[in-house]
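Working notes, structure below.
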Amino acid sequence: MKYYLSSLFLVLAGPLAAQTTPPASPPQSGAANWYMFNQPLPEDPQADQPEDKGARPLRQGQPFSAGASRSATRHPGQRATAPYQGPLYVPLDPNTYRLLDRYAIIYGPDSLQDPHTSTRPYTRSAAAHLGEWMLDNRAGSSAADRFNAQYLAKDNWMFSTFGDSINQSQQPFLTYFYRDQTDFYHIQTKDFALRVNPVLLLQAGKDGGDNSLGGLRYVNTRGATFEGLIDQRLGFYGFFTDNQEAVPGWVQQRIVRDSESGAPVAPHEGYTKFFKTQGGSAYDFFTARGGITYAATKHINVQLAHDRNFIGNGYRSLILSDYSTPYFFLKLNTRVWKFNYQNLFAELTANRTNRDTLYSKKYLALHHLSFDVTNNFNIGVFESEVAGRKGTGLELQYLNPVIFYRAIEQQLGSEDNALLGLDFKWNIKHRAQLYGQLVLDEFKLSEIRSGNGWWANKQAIQLGGKYLDVAGVRNLDLQVEYNYIRPFTYQHESSFTDYQHYQQPLAHPMGANVSEIIGILSYQPLPRLSVVGKAFYSVQGLDEFVTTATAFNNNGGNVLLSYNRRAPSTSGGIDADHGYRVGNGDTNRLFHLDLTGTYQPRLNFFIDASLIARHQDLDQPTYYGTVSGTEVYGSLALRWNIAQRLHEF
């Protein structure tokens, strides 16, 4: 611990990272207040040029450019270009992606339609080019916007000429460390680049009220992360941390609910052990993510990794979210003309048992095709198949990247689980965005029209919007989202075919049988300070009693259960198969409020102060300990190269 505290002291004691903020140039006559990212502006020969800081080669829109120097920079209005989709990705982090989405709405994508915001993660190349474009068109932008633009360019310096030139540290540590503002250590040659950084999350909090747990609640995470490039086209990365976490009350209840085998699973994580006290509320787990990406052509990326993915433009995803533990996958992403086509083939864990044995496997095949109808309107369709049976492997026919999975399922006579649906995004006047998703698990049109609540009508709907600079206040952004998921959606006959991985949902973290409204208000009053307020109100049908082989108490909210063990409807129906509506079961009305202030004293080092208040009103207490009442959790955290650990369910 002394080592980590000393390292932390050195970071805090060091000088704040220098932030070069170029002065704003006046807009040209007749120029609009916003610009499409792929429409270059006239060059400004009077634009500021960063000073020549010598030393290492500079990337010219792509990772490296032989013979270039630090003084070689782009003129304003000259759009950065790259011969390939970037072979490195921006790590999934809600705070970072909130900024990227804000500026993607304002400025639009580049000539390769990147960032393509319907699928995450985004490429670092897209983030770098977006930051450069913001700096080139900074007239009228706020100090926070200019800070964010430079951050995007600096943190993605492998793909940014300007970012590379301004990222050099004025005072390296012991000559070799922090020669860049963003990296503890880096190597850079013509054909090879590597960046290495420490990872640290120290969080301490107090839980109080109903459902709370006594004692110190904490997170203790230490580790390292690295990423690099070989020959401009092969990217690789890794993220490794050792973690101990004493969870607050509502998180402990989720772990208890999903650990009936006696093997705990911490949310977002894989193999988990009790820490210090068997059967307690503190857990020990190791996090490992990593992989390689090859830019096969200008339009095709191939990735082999152990990580997460996210599909959609919302805060939640009803198709595929980043809630569950990482999984092994092969991903093909094809971006050509107005199309973006993503194929994902993943190996999942069917269930986690408390035995020293090989866990049962199952497989996910998913493809998502989106089409840019116009520069600001996109529509997509998707289909996924979860397949698996005890003692069998992957059905090879699902590896066909251009097939209709439902047809294959029927031809094979299989009982696998197919989902399909669509999503859309509409950017409005560079100031707002409307988005949505529709997921169809199973449905029968005649039953939908009858409105009798047939149990097998399993659908999910999302509709949301984002509005920037609310009431004319710069960097005050609002997001509102509604999610509706019918009972038994994502459930299936067994753990081999349900829509979960390692006992955690693959889509919405609350599972199903839920109606939810989300409001997020984010404000950046100062370049290094941001405040985010999040409010969640949901109505969900929970399970009062445990479901076993003989006791059927499944009300359709827990995706880990089989829909063959459903409980009778609590709202009544014309027969045993009808009367199932959202909220059926042990109805829980939950209000979750999160207010977090974050200060960034130097790049990628954050200080968080959070206050979470939860009030829930249940019909009956649940078998895993949830009762009506109010719970309040306050915490302070230091983060270094890692996202916040969120438990929003």
Side-chain angles (χ1 to χ4, degrees), residues 119 270 291-292 296 300-311 317-321 323-334 341-353 357-369 380-422 439-443 456 458-460 488-507 512 559-565:
T119 57
I292 59 173
I300 300 175
N301 263 16
V302 182
Q303 184 180 24
L304 189 69
H306 181 84
D307 211 329
R308 305 182 182 96
N309 295 274
F310 188 99
I311 295 178
S317 175
L318 308 183
I319 299 174
L320 181 65
S321 77
Y323 172 76
S324 76
T325 185
Y327 43 84
F328 178 72
F329 65 86
L330 170 67
K331 181 166 66 177
L332 310 176
N333 198 87
T334 304
Y341 186 49
Q342 186 169 108
N343 298 95
L344 185 68
F345 307 100
E347 181 181 76
L348 310 177
T349 299
N351 50 61
R352 157 93 155 95
T353 60
T357 183
L358 181 66
Y359 301 146
S360 300
K361 300 291 190 297
K362 61 181 182 182
Y363 302 91
L364 169 70
L366 183 149
H367 45 208
H368 178 270
L369 174 67
V381 294
F382 92 97
E383 184 188 22
S384 68
E385 189 84 23
V386 179
R389 281 164 290 280
K390 192 170 184 178
T392 64
L394 172 66
E395 175 54 62
L396 295 180
Q397 295 198 46
Y398 291 134
L399 295 178
N400 189 329
V402 289
I403 200 67
F404 190 50
Y405 292 145
R406 184 64 173 173
I408 293 298
E409 178 187 284
Q410 292 175 333
Q411 182 169 319
L412 293 173
S414 76
E415 298 178 351
D416 297 327
N417 184 12
L419 281 76
L420 55 90
L422 57 87
V439 174
L440 302 177
D441 193 344
E442 296 179 35
F443 75 101
K458 302 186 292 181
Q459 305 95 32
F488 308 107
T489 304
Y490 308 120
Q491 290 187 0
H492 212 255
E493 293 183 337
S494 75
S495 60
F496 288 95
T497 49
D498 55 13
Y499 207 64
Q500 59 87 18
H501 163 54
Y502 218 97
Q503 297 176 221
Q504 299 169 60
L506 283 170
V559 301
L560 308 185
L561 302 179
S562 169
Y563 57 48
N564 291 330
R565 297 180 178 179

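Predicted, not measured: the structure shown is a model, and the values here were computed from it. The first residue in the sequence is number 1, and the count goes up from there.
- Not one N or O on the side chain of Gln303 forms a donor-acceptor pair closer than 3.5 Å with the backbone of Gly291.
- Closest non-hydrogen pair, Tyr327 versus Leu344, comes out as OH-CD2, 4.4 Å.
- Note that CD of Gln459 and CG of Leu440 are 6.0 Å apart. Values are rounded to the nearest 0.5 Å.
- Gln491 and Asp498 are not linked by any side-chain donor-acceptor pair at a separation below 3.5 angstrom, with hydrogens and angles left out of the test.
- Here the closest heavy-atom approach between residue Ser495 and residue Ala350 is recorded as CB-O, 3.5 Å.
- Side-chain contact between Lys361 and Phe328 is absent, with no heavy-atom pair separated by less than 4.5 Å.
- Between the side chain of Ser324 and the backbone N or O of Gln504 there is no donor-acceptor pair closer than 3.5 Å.
- A distance of 9.0 Å separates CZ of Phe382 from CG of Leu318, quoted to the nearest 0.5 Å.
- Put simply, the residue from Asp307, Leu348, Leu364 that forms a side-chain contact (heavy atoms from CB on, under 4.5 Å) with Phe329 is Asp307.
- Asn351 has its side chain out of reach of Tyr359: every pair of non-hydrogen atoms, C-beta onward, lies at least 4.5 Å apart.
- Put simply, the side chain of Tyr499 reaches to within 4.5 Å of the side chain of Leu419, judged on heavy atoms.
- Contact check for Tyr398 versus Ile403: no side-chain heavy atoms found under the 4.5 Å cut-off.
- To the nearest 0.5 Å, atom CG of residue Asn417 and atom CD of residue Glu442 are 7.5 Å apart.
- The aromatic rings of Tyr405 and His367 lie parallel to each other, their planes meeting at an angle below 30°, with 60° marking the opposite boundary.
- Among all heavy-atom pairs drawn from Glu415 and Glu493, the shortest one is OE1-OE1, 3.2 Å.
- Using a 4.5 Å heavy-atom cutoff, the side chains of Val302 and Ile292 are not in contact.
- Screening Asp441, Thr497, Asn564, Asp416 for a side chain to side chain donor-acceptor pair (under 3.5 Å) with His492, the sole residue that qualifies is Thr497.
- Here His368 contributes atom NE2 and Leu422 contributes atom CG; the two are 9.0 Å apart, rounded to the nearest 0.5 Å.
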> Is there a side chain to side chain contact (heavy atoms under 4.5 Å, CB included) between Leu394 and Leu399 once you walk through the steps?
Replying inline: CA-CA 9 Å; Leu394 172 66; Leu399 295 178; 3.6 Å; yes
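- Shown here for Ala512 and Phe488, the closest heavy-atom pair between the two residues is CB-N, 4.4 Å.
- Considering every non-hydrogen atom in both Lys362 and Thr349, the closest pair reads CE-O, 4.2 Å.
- Here the CG atom belonging to Leu420 is positioned 10.0 Å from the CD atom belonging to Glu385, to the nearest 0.5 angstrom.
- Rounding to the nearest 0.5 angstrom, the gap separating the NZ atom in Lys331 from the CG atom in Asn309 is 4.0 Å.
- Here the shortest heavy-atom pairing between Val386 and Phe496 reads CG1-O, 3.9 Å.
- Between Ile300 and Tyr341, every side-chain heavy-atom pair lies at or beyond the 4.5 Å cut-off.
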>> Let's go through Ile311 and Leu366 carefully: what are the C-alpha distance in whole Å and the side-chain angles of both, what is the deciding distance for side chain to side chain contact (heavy atoms under 4.5 Å, CB included) to 0.1 Å, and is it a yes or a no?
In response: CA-CA 11 Å; Ile311 295 178; Leu366 183 149; 3.5 Å; yes
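- Between the side chain of Tyr563 and the backbone N or O of Tyr490 there is no donor-acceptor pair closer than 3.5 Å.
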